[in-house]
Visitor: 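Sharing a structure here in structure tokens format.
Lettering follows sequence order; numbering is per chain, from 1.
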Amino acid sequence: MLYQPQILEEALTLKADLGGDVDALAGGTDLLVALSRGQWRPKNVLDLSRVVERSEIRKADSRFSLAHGVTHAQLTRLPVRALAEAALSIGGPQIRNRGTLAGNLGTASPAGDGCVALLALHAEMELTRAGRGSRRLPVRDFFLDYRRTELRPEELITRVVVPADWTSAWHKIGKRGSVNISVVCAAVARSPQGRFGVAFGSVGPYPLTAPKTEALLNAAALTPELIDEAAAMAQTEVSPISDHRASAAYRRAMCGTLLRRLLTEHFLNGRD
Amino acid sequence: MPENVSEHGGAASPADDSIWHWRCKVNGQIIERDLPASTTLLHALRDHCSLTGTKGACEEGECGSCTVLLDGAPVNSCLVLAAQTQDCQVTTIEAMASGRKLHILQDKFLAAGAAQCGYCTPGLIMAAAALLKQHPDPTPDEFLQGMEGNICRCTGYKAISEAIRQAAQEWPTPPEVP
Ligand SMILES: Cc1cc2nc3c(=O)[nH]c(=O)nc-3n(C[C@H](O)[C@H](O)[C@H](O)COP(=O)(O)OP(=O)(O)OC[C@H]3O[C@@H](n4cnc5c(N)ncnc54)[C@H](O)[C@@H]3O)c2cc1C
Ligand code: FES
Ligand code: FES
């Protein structure tokens, strides 16, 4: 059975009632690939792509609150650099017009570009269960293990909240074109008070943060020497594997390289 | 109102759990079909509407040969369920020519020799139409970002780029994309 609610409340009620017996479908850019490969055989489908509130972006208290169905195409126009750049790197326009940020979180791929940007930005997300209300949690607490998350079967991701006044940047090493699974990607963000966020993709079972590196950056003024230290520290905090795209050693080294580059180009001397 | 959608368009009736009453405006015409709910837009168009101009190749979102416009925006029809286009507008390659008069993009593709096997061509033309509608004079970045979802295995991209650039020079004089 395919359910196609037009309002969020109805979607939430269906999810709460059917729980694990219904799969949420947003842009379908992950799920329809799985359907085509015979890897997704849903009992029931909850199509969120027609929910009227899905595309809403609100700004309040120097934060953007993004509804669950905000697409990568929308994010490319958001003045939050790391998130916009991550979104622009995803697929081609056809994928960006359909794929959503909530779907990127829901898939929880280790390579999820949107997830990495959100981690660096210390973003929060709202998980909602009809009848029980919403819980807010840092995106940092969402990922538990390989493709395992905090999301309960009765819940939907309803919003993602990102700071609007942080400096941020993002970079991916990967193949150019729409076949774009990253070899490594990195995001760095800094609050107006000087608090850093550092995150990496494709170097662990899920998108990773680098808390020791962040602590190092938070403790002192940014200098080329501190950047070198941070780049070395970051390499100790990731746990990449070798596969057909790249070796573990290369990925580890690239984490240091990307971090050095992002910090130097976008954060040193108060640039940006 | 589709039969398995409630009054507020919400929960389905348990009467039928596999057939979806699809209603959609395709190339300006309202189409209604009963389809398995898991039918992709690509197969709805090709197998249920005899609109075989839209091509399926990878069916995994990688190649763009299945590109159509959904409410004006390019999407991979292989990654959208027909049901997800309920009461929307879909534009396919069949709508580009008016009668025997080819669309400017089709003309320029012919003139530039931008097609060999031609399998990628309908998708490229739809992606290019969307690009030029948004950016009639695209910068190199806009051009790349607009076309990076489409792959051609035969021609290389030189003639294709040339054809789109030439169409851009005569844009937006040609007939509007419906
Ligand atoms: C050609 C191609 C290239 C791609 N390139 C990239 C890339 O470069 N980087 C990248 O990160 N990804 C990439 N992707 C993957 C994909 O586009 C993204 O992960 C996208 O963000 C998924 O969003 P969606 O809306 O399409 O999700 P869907 O496929 O609809 O859903 C994905 C998962 O999220 C769950 N979900 C969706 N919405 C909710 C919600 N509101 N509440 C709870 N669960 C929900 C679904 O149940 C499902 O498990 C690519 C995919 C393709 C086909
Ligand atoms: S067939 Fe749809 S993208 Fe290749
Ligand atoms: S002409 Fe054959 S794939 Fe492009």
Side-chain angles (χ1 to χ4, degrees), chain A residues 1-14 17-18 22 25-52 71 73-74 76 87-99 103 175-181, chain B residues 2 4-20 36-38 40-42 56 58-64 66-88 123 126-127 130-131 134 141 144-151:
Chain A
M1 176 75 71
L2 179 76
Y3 299 92
Q4 196 169 74
Q6 313 280 312
I7 55 170
L8 182 61
E9 206 179 296
E10 212 171 340
L12 287 165
T13 305
L14 281 161
D17 289 351
L18 294 170
V22 70
L25 169 68
T29 60
D30 281 315
L31 286 179
L32 263 76
V33 173
L35 183 76
S36 169
R37 292 179 181 167
Q39 293 163 346
W40 184 50
R41 292 192 193 80
K43 254 195 224 168
N44 296 293
V45 175
L46 179 60
D47 176 18
L48 301 175
S49 72
R50 310 308 300 277
V51 169
V52 289
T71 60
Q74 284 180 277
T76 60
L88 190 58
S89 84
I90 293 177
Q94 297 93 333
I95 298 290
R96 294 192 286 272
N97 282 331
R98 294 296 293 172
K175 300 198 173 65
R176 187 75 212 134
S178 74
V179 193
N180 231 352
I181 307 244
Chain B
N4 44 355
V5 172
S6 78
E7 240 171 88
H8 8 265
S13 83
D16 191 336
D17 69 359
S18 63
I19 297 300
W20 181 266
S38 62
T40 60
L41 178 59
L42 172 66
C58 68
E59 302 205 22
E60 296 192 356
E62 300 281 357
C63 75
C66 65
T67 302
V68 301
L69 307 184
L70 175 55
D71 291 333
V75 301
N76 295 315
S77 61
C78 70
L79 295 188
V80 181
L81 293 180
Q84 293 184 291
T85 68
Q86 194 74 5
D87 296 323
C88 294
M126 298 317 286
L131 167 68
Q134 209 188 347
D141 271 354
L144 197 65
Q145 286 157 15
M147 298 307 299
E148 69 188 349
N150 293 74
I151 290 175

Visitor: Do B/Glu148 and A/Pro93 touch side chain to side chain, with heavy atoms closer than 4.5 Å?
Guide: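 Answer yes - side chains close enough.
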Visitor: Examine distances only and state if a side-chain atom of A/Gln4 and a backbone atom of B/Ala83 form a donor-acceptor pair shorter than 3.5 Å.
Guide: yes
Visitor: If we only count heavy atoms from C-beta on, is the A/Arg98 to B/Asn76 side-chain gap below 4.5 Å?
Guide: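 They are not in side-chain contact.
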Visitor: Considering only heavy atoms, which portion of A/Leu35 lies under 4.5 Å from any heavy atom of chain B: side chain, backbone, both, or neither?
Guide: side chain
Visitor: Please report the C-alpha distance between A/Ile95 and B/Leu79 in whole Å, then the side-chain angles of each, then the deciding distance to 0.1 Å, and finally whether the side-chain contact (heavy atoms from CB on, under 4.5 Å) criterion is met.
Guide: CA-CA 9 Å; A/Ile95 298 290; B/Leu79 295 188; 3.7 Å; yes
Visitor: Using a 4.5 Å cut-off on heavy atoms from C-beta on, say whether the side chain of A/Leu32 contacts that of B/Thr40.
Guide: yes
Visitor: Examine distances only and state if a side-chain atom of A/Asn97 and a backbone atom of B/Pro74 form a donor-acceptor pair shorter than 3.5 Å.
Guide: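 The answer is yes, because a donor-acceptor pair under 3.5 Å joins these two groups.
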Visitor: Do you know which of B/Glu59, B/Glu60, B/Gln84 has the most heavy-atom pairs with chain A at a distance under 4.5 angstrom?
Guide: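 Answer, by heavy-atom pair count under 4.5 Å with chain A: B/Gln84.
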Visitor: Within a strict 4.5 Å, meaning less than it, do heavy atoms of the B/Cys88 and A/Arg50 side chains meet?
Guide: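 Touching, per the 4.5 Å side-chain cut-off.
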Visitor: Is there a side-chain contact between B/Met126 and A/Gln94, using heavy atoms and a 4.5 Å cut-off?
Guide: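 Contact flag for B/Met126/A/Gln94 side chains = no.
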Visitor: Taking A/Val45, A/Leu46, A/Val33 one by one, which has the highest count of heavy-atom pairs under 4.5 Å against chain B?
Guide: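 Among A/Val45, A/Leu46, A/Val33, the one with the most close pairs to chain B is A/Val33.
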Visitor: If you round to the nearest 0.5 Å, how far is CG of A/Leu2 from OG of B/Ser18?
Guide: 11.5 Å
Visitor: Where on B/Thr85 is there a heavy atom nearer than 4.5 Å to chain A: the side chain, the backbone, both, or neither?
Guide: backbone
Visitor: Counting only non-hydrogen atoms closer than 4.5 Å, does B/Leu81 touch chain A with its backbone (N, CA, C, O), its side chain (CB onward), both, or neither?
Guide: both
